[in-house]
Amino acid sequence: MLELRLVQGGLLKKVLDSLKDLVNDANFDCSATGFSLQAMDSSHVALVALLLRSEGFEHYRCDRNLSLGMNLSNMAKMLKCAGNDDIVTIKADDAADSVTFMFESPNQDKIADFDMKLMDIDSEHLGIPEAEFQAIVRMPSAEFARICKDLSTIGDTVVISVTKEGVKFSTRGDIGTANIVCRHNTSVDKPEEATIIEMEETVSLTFALRYMNSFTKATPLANQVTISLSSDLPVVVEYKVAEMGHIRFYLAPKIEE
Amino acid sequence: PCLQRRILDYFNEN
């Protein structure tokens, strides 16, 4: 028996909106630790890892580890029917072939339940080793989204370079080139407006903008994004999910042939 | 010309 009650149901809507364009079908894994997902895009170039810790739920009952295979676009359709302030409860029996989403309005005057068919998904679960990164950039998530969107009108790839000067996002295309430099800046009114660059070594990596733009669908989840770079690893683009977890996107770089 | 690496080149299946 699985029963997860999330008071901030709007968070789940935002999580689905940030996943559904990248991944079609995925297994949600429920354990005592929390509600999690790991999935790759169909080209196996990007990977997403979601964790919503059990402590973040108002009520979290998971009698035994359960894997729920869901079509993410169908799940997003169902969650779209919930109000942004609704309380969302996810329910499933141990041997269930469906999952129930229950939506309660904040003042309890409307209660809806939606039942969605589950699917068998044969997914690979990858081991992601803990890594030391050469550079970690924290910046406003809306700024990062704007940069990815702007650069993708000019080129297909972005070179992200971190030096003492700051973090530089560069692209080139048929019409010309573009470079945007963001400097370390903590003299801001609000902490979420800060850009914090921690650099052990300079690093420069090339990525497909199409994927970066897809990751920025998570922007409504968090004011800040963390971009972790190492020359021999995929980049990690992380958004916190309130105080209860995170969504991490991993993207393999492009390398010179 | 750039070659797109895959996630599987970096992380192994559990």
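Letters A, B, ... are given to chains in the order of the sequence lines, protein chains preceding strands, and every chain is numbered from 1. This is a predicted model, so every value here is computed, not measured.
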B:I7 and A:M40: which non-hydrogen atoms are nearest, and at how many Å? CG2-SD, 4.2 Å
More than 12 heavy atoms of other groups within 6.0 Å of B:R5 CZ: yes
Using a cut-off of 6.0 Å, state whether more than 12 heavy atoms not belonging to A:D156 lie near its atom CG. no
With a 4.5 Å limit on heavy-atom distance, are the side chains of B:L3 and A:K254 in contact? no
Please collect all salt bridge (Lys or Arg N to Asp or Glu O under 4.0 Å) contacts where either partner lies in residues 118-127 of chain A, sequence neighbours excluded, each pair once. none
Would you say B:N12 and A:L126 make side-chain contact, with heavy atoms under 4.5 Å? no
Please report whether the ring centroid of B:Y10 lies less than 6.0 Å from that of A:Y250. no
Can you list the residues of residues 230-239 of chain A that sit under 4.5 Å from chain B, counting heavy atoms only? A:D232, A:L233, A:P234
What is the distance from atom CG of B:L8 to atom NE2 of A:H44, rounded to the nearest 0.5 Å? 6.0 Å
Heavy atoms only: give me the nearest A:S43-B:R6 pair and the separation to one decimal. O-CD, 3.9 Å
Heavy atoms of B:Q4 and A:P253 approach each other most closely as NE2-O, 3.5 Å
